[in-house]
Novice: 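Got a structure here, written out as structure tokens. Questions coming.
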Amino acid sequence: MDTLFSIKDVIAILKKSIVWIVSFALGGLVIAGLTVYLLMTPMYEMNTQILVTQTSENDNAISQNAEVQANLQLVNTYRVLITSPRVLNQVEKNIDGAYSTEELTNKIKVTTEQDSQVMNITATDADPAMAAEIANKTAIAFKKVTPQVMKVDNINILSKASVTKTTSPVGPKPFLIMLIGLFGGALIGVIVAFMRHLLHNTFKEEKDLEALGVPLLGSIGKLPTHKPSVDKKKGEFNEKQTIS
């Protein structure tokens, strides 16, 4: 049988299987919704900003600019130091062992803006208060440990993480996940519709026999629809004419 589809065939298949497609789409939507609200835990992100500089009494603009460039080059070193075991061990003690050093490594993310000495410490947790505490304790531990391992004497905490009434989870995103479930289910429905059509092994048209090389001996045309009520009325009318 011919497996190539024309646009007309595609439209016909989709129309015929519209119930399947809608059912799979709604099923995907329901499964995605249940997954989001029953299986996934909302996660919160809290952010702390710190600035690391080296104090200098040199008023020379060239020297100050050179120090700024040197500090910018050290930013990557600071980022590694923040997530190092030496700092995170201190954080683990400060949060009373709520998380181990390995777990804190996965919960803390350090980012910087381009050509900026400001670093953002972002902590992620299911509890917004715990996320804020981890971010703040990490900044404090970094401020305490850094002077011991590097010649840095000026670490400023620009902002502290705090929970407010407007604090909302950053993930999961229910609307996006449910939208993906809806379209994913519809796509599966379309695939099932075409698979059912391809696996259907009955002959519908004369051209289906061409692939087998079998001659067509005859065909049965479509019978007209029988309407008993109309025929009955015609019979009654003829009978009246005969009697009269």
Novice: Taking all non-hydrogen atoms of both residues into account, name the closest pair between Met119 and Val52 and its distance.
Specialist: CE-CG2, 3.6 Å
Novice: Under 4.5 Å between any side-chain heavy atoms of Ile140 and Ile157, yes or no?
Specialist: yes
Novice: Are Val75 and Met150 joined in one hydrophobic group, where the rule is that I, L, V, M, F, W and Y side chains link up if heavy atoms are under 4.5 Å apart?
Specialist: yes
Novice: Looking only at side-chain N and O atoms, does Thr122 offer a donor or acceptor that is under 3.5 Å from a partner on Glu45?
Specialist: no
Novice: Find out if a path of hydrophobic residues (ILVMFWY) with successive side-chain heavy-atom gaps under 4.5 Å connects Val110 to Ile50.
Specialist: yes
Novice: Which heavy-atom pair separates Ala98 from Met130 by the least distance, and what is that distance?
Specialist: CB-CE, 4.0 Å
Novice: Just by distance, do the side chain of Thr167 and the backbone of Val163 share a donor-acceptor pair under 3.5 Å?
Specialist: no
Novice: Do Phe142 and Arg86 make a side-chain contact, defined as non-hydrogen atoms from C-beta onward lying under 4.5 Å apart?
Specialist: no
Novice: Any side-chain heavy atom of Ile134 sitting closer than 4.5 Å to one from Thr124?
Specialist: no
Novice: What about Val10 and Phe24, same hydrophobic cluster or not, with Ile/Leu/Val/Met/Phe/Trp/Tyr joined at side-chain heavy-atom distances under 4.5 Å?
Specialist: no
Novice: Check whether more than 12 heavy atoms from other residues, nucleotides or ligands sit under 6.0 Å from atom CG of Leu38, and answer yes or no.
Specialist: yes
Novice: Over all heavy atoms of both residues, which pair between Ile13 and Ala193 is shortest? Give the atoms and the distance, please.
Specialist: CG2-O, 4.0 Å
Novice: Given side chain to side chain contact (heavy atoms under 4.5 Å, CB included), test Ser84 with Val80 step by step and report yes or no.
Specialist: CA-CA 6 Å; Ser84 66; Val80 175; 5.5 Å; no
Novice: Membership question, hydrophobic clusters at under 4.5 Å side-chain separation (ILVMFWY): are Leu26 and Val19 in the same one?
Specialist: yes
Novice: What is the minimum heavy-atom distance between Gly181 and Ala32, and which atoms define it?
Specialist: CA-CB, 4.0 Å
Novice: Out of curiosity, Lys16 NZ to Ile21 CD1, how far, rounded to the nearest 0.5 Å?
Specialist: 12.5 Å
Novice: With a 4.5 Å heavy-atom cut-off, do Leu81 and Thr146 have their side chains touching?
Specialist: yes
Novice: To the nearest 0.5 Å, what is the distance between NZ on Lys15 and CD1 on Ile11?
Specialist: 6.5 Å
Novice: Met46 and Ser162: which non-hydrogen atoms are nearest, and at how many Å?
Specialist: CE-O, 2.8 Å
Novice: How long is the gap from CG on Leu182 to CZ on Phe175, to the nearest 0.5 Å?
Specialist: 9.5 Å
Novice: Val87 and Val149: same hydrophobic cluster, using ILVMFWY side-chain contacts below 4.5 Å?
Specialist: yes
Novice: What's the separation between atom CG in Asp127 and atom CD in Glu133, rounded to the nearest 0.5 Å?
Specialist: 9.0 Å
Novice: Testing the basics here: between Thr48 and Ala161, what is the closest heavy-atom pair and its distance to 0.1 Å?
Specialist: OG1-N, 3.5 Å
Novice: Is a donor on one side and an acceptor on the other found under 3.5 Å between the side chain of Glu103 and the backbone of Ser100?
Specialist: yes
Novice: Can you check whether Trp20's main-chain N or O pairs, donor with acceptor, with Ser17's side chain at less than 3.5 Å?
Specialist: no
Novice: Working to the nearest 0.5 angstrom, can you tell me the gap between Ile121 CD1 and Ile82 CD1?
Specialist: 4.0 Å
Novice: For the residue pair Met43 and Pro169, establish whether any side-chain heavy-atom pair is separated by less than 4.5 Å.
Specialist: no
Novice: Go through the steps to decide whether Met40 and Thr35 satisfy the test side chain to side chain contact (heavy atoms under 4.5 Å, CB included), and finish with yes or no.
Specialist: CA-CA 6 Å; Met40 292 186 176; Thr35 302; 4.0 Å; yes
Novice: Might you work through the side chain to side chain contact (heavy atoms under 4.5 Å, CB included) test for Ile191 and Met195, ending with a clear yes or no?
Specialist: CA-CA 6 Å; Ile191 294 174; Met195 290 299 297; 4.1 Å; yes
Novice: Any non-hydrogen side-chain atom of Val192 less than 4.5 Å from a side-chain atom of Val190?
Specialist: no
Novice: Just wondering, do Leu14 and Phe194 contact through their side chains at under 4.5 Å, heavy atoms?
Specialist: yes
Novice: Is there side-chain contact between Asp125 and Tyr44, with at least one heavy-atom pair below 4.5 Å?
Specialist: no
Novice: Nearest 0.5 angstrom please: Met178 CE to Tyr37 OH, how far?
Specialist: 6.0 Å
Novice: Please report the C-alpha distance between Leu104 and Ile95 in whole Å, then the side-chain angles of each, then the deciding distance to 0.1 Å, and finally whether the side chain to side chain contact (heavy atoms under 4.5 Å, CB included) criterion is met.
Specialist: CA-CA 11 Å; Leu104 290 173; Ile95 61 175; 4.0 Å; yes
